[in-house]
Amino acid sequence: MTLAVGRNITLEDALADAEARYVAANPKSRTRHLEAGRVLPGGNTRSILYYAPFPVTITRGEGARLFDLDGHAYLDFLGEYTAGLYGHSDPVIRAAVEQALKDGIVLGAPNRYEAELAQLMCARFPSLDMVRFCNSGTEANLNALSAARTATGRSQIMVFEGAYHGGMLSFAHGTSPMNVPFPYVLGRYNDLERTLGLIERHKGELAAIVIEPMMGAGGCIAAEPDFLAGLRAAATRHGIILIFDEVMTSRLAPGGLQAKLGILPDMTTFGKYLGGGMSFGAFGGRAEIMGRFDPSRPDALPHSGTYNNNVLTMAAGAAGLSKVFTPEAADALSATGERLKVRLNGIGERQGVPVQTTGVGSILCMHFQSEPIHEPDDTAHTPAAARALFHLEMLARGFYVARRGFIALSLPLVESDYEAFADAFEDFLSACGPVLRG
Ligand SMILES: Cc1ncc(COP(=O)(O)O)c(C=O)c1O
């Protein structure tokens, strides 16, 4: 930040200045973005990766580092929105993928890895008797919701305002026009009284309640244990299938947040890092629900997907969970994240800037506001320009984070990386404090 503090600078002035420096520093990424726009709408094939004025193009990753087209290096504090838990070149993951490649891909048959990964997951996550694989977290939720509708013979789905369960299950601003047209009932996160009222009103028609035990995309907002326990009790009382979307949160404790909280859903959905960094999704739960997918049963539910058991994902996922992301590693990474959160919040207080870091363990989010945050609507006090300024200023300092302030830690980050991140954050706050307070 080069603007002279003391002049009457607004947040928008500071952002315009940061954008001008960003454009000047990234000419090759800009050209690539403009060229890509001829064949990809907005130069993009994954909306979350777009940000103004244009995203940097990453050409290579190694360990916890990323390198872009214009020659900048970054410490990766985004961790591919939690899918990058193992970093970019973990030797165990690489060896598993290389072995699987050597043995041939697209085999078109059960392979030697899928039952191993299923066994590892069922041993780890307490609500899983059985599991099935798919290719994304979105698919996992679609499968789980359809299974719940079939199992209950009911149609409605309770979701929460501000929730994200995939590209076709997005409730950030009401419901998205791209959503699957299920009949939704929108509960309010962490508001038990209101949500229980809705459940009572719809109890005869609700097939499932789907909820993240910590909202990730919604702003890293942890569910209060009493709220989840209340949902659990209501679901049991009315025969509604409770689904925990642990696509992000399963990494936050050895057995996911469900184990940490001691609240077990009927079904759980997974994704992200559990495929070792390859495309991945999974859904599982109680045997009487999942057993319906047994194709030898006369009443079998179909569940297809050419790449459901692709060898690269299955091999990388099994190697990662058995040899790298052990229960001890999961606990250690969560403890590191908790320490970082405390440290960042301390820096905010010391600098007298209205900022707070929310989240649990290794999944955190920055909000530039002092108002407390219990549900996604509460984050609206943070101006979009503050998030954008944080993002561009951290990129300029060599730290790759998400535009929305989201941070996901990865295993190859070391203590000196966390020190460097905290120092850069303090430097950003001391430079931009005046406009953030403004
Ligand atoms: C909680 C949650 N559920 C589901 C998804 C969708 O996963 P995918 O992007 O693999 O489809 C995401 C992705 O960010 C997520 O955060």
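Whatever order the structure lists ligands and atoms in, that order sets their numbers, starting from 1. Excluded from the calculations below are hydrogen atoms, water molecules and symmetry mates; all remaining heavy atoms, backbone and side chain alike, are included.
- Under a 4.0 Å criterion applied to the non-hydrogen atoms of V247, ligand 1 contributes the atoms 2 (C), 3 (N), 4 (C), 5 (C), 12 (C), 15 (C).
- Scored by the ring-ring contact (aromatic ring centres under 6.0 Å, His included) test, F425 finds no partners at all (sequence neighbours excluded).
- For the pair G137 and ligand 1, the shortest N or O to N or O distance falls below 3.5 Å.
- Within the 6.0 Å centre-distance limit, the rings of Y184 and F171 are counted as a close aromatic pair.
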Are D245 and H165 close enough, and set up right, to give a side chain to side chain donor-acceptor pair (under 3.5 Å), and what steps lead you there? CA-CA 7 Å; D245 178 340; H165 300 291; 2.7 Å; yes
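- Assignment of K272 to the shell around ligand 1 is supported, since a heavy atom sits closer than 4.0 Å.
- Cation-pi check for R132 over F283 is not met; the charged atom does not lie both under 6.0 angstrom from the ring centroid and within 45 degrees of its normal.
- Considering both main-chain and side-chain atoms, T138 comes within under 3.5 Å of ligand 1 through a nitrogen or oxygen pair.
- Atom 16 (O) of ligand 1 has its closest protein heavy atom at M248 CE, 3.4 Å.
- If you check the side chains of S362 and R251, you find a donor sitting under 3.5 Å from an acceptor.
- Contact annotation for N141 and ligand 1: only side-chain heavy atoms (C-beta onward) come within less than 4.0 Å of the ligand.
- Only the side chain of D245 comes within 4.0 Å of ligand 1, judged by heavy-atom distances.
- Under the salt bridge (Lys or Arg N to Asp or Glu O under 4.0 Å) criterion, E80 pairs with R46, sequence neighbours left out.
- Ion pairing of R194 with E161 is present here, as a side-chain N (NZ or NE/NH1/NH2) and a carboxylate O approach within less than 4.0 Å.
- Residue contacts with ligand 1, taken as heavy atom pairs separated by less than 4.0 Å, do not involve Y81 at all.
- Using a 4.0 Å cut-off between heavy atoms, E212 contacts ligand 1 through its side chain alone, with no backbone atom that close.
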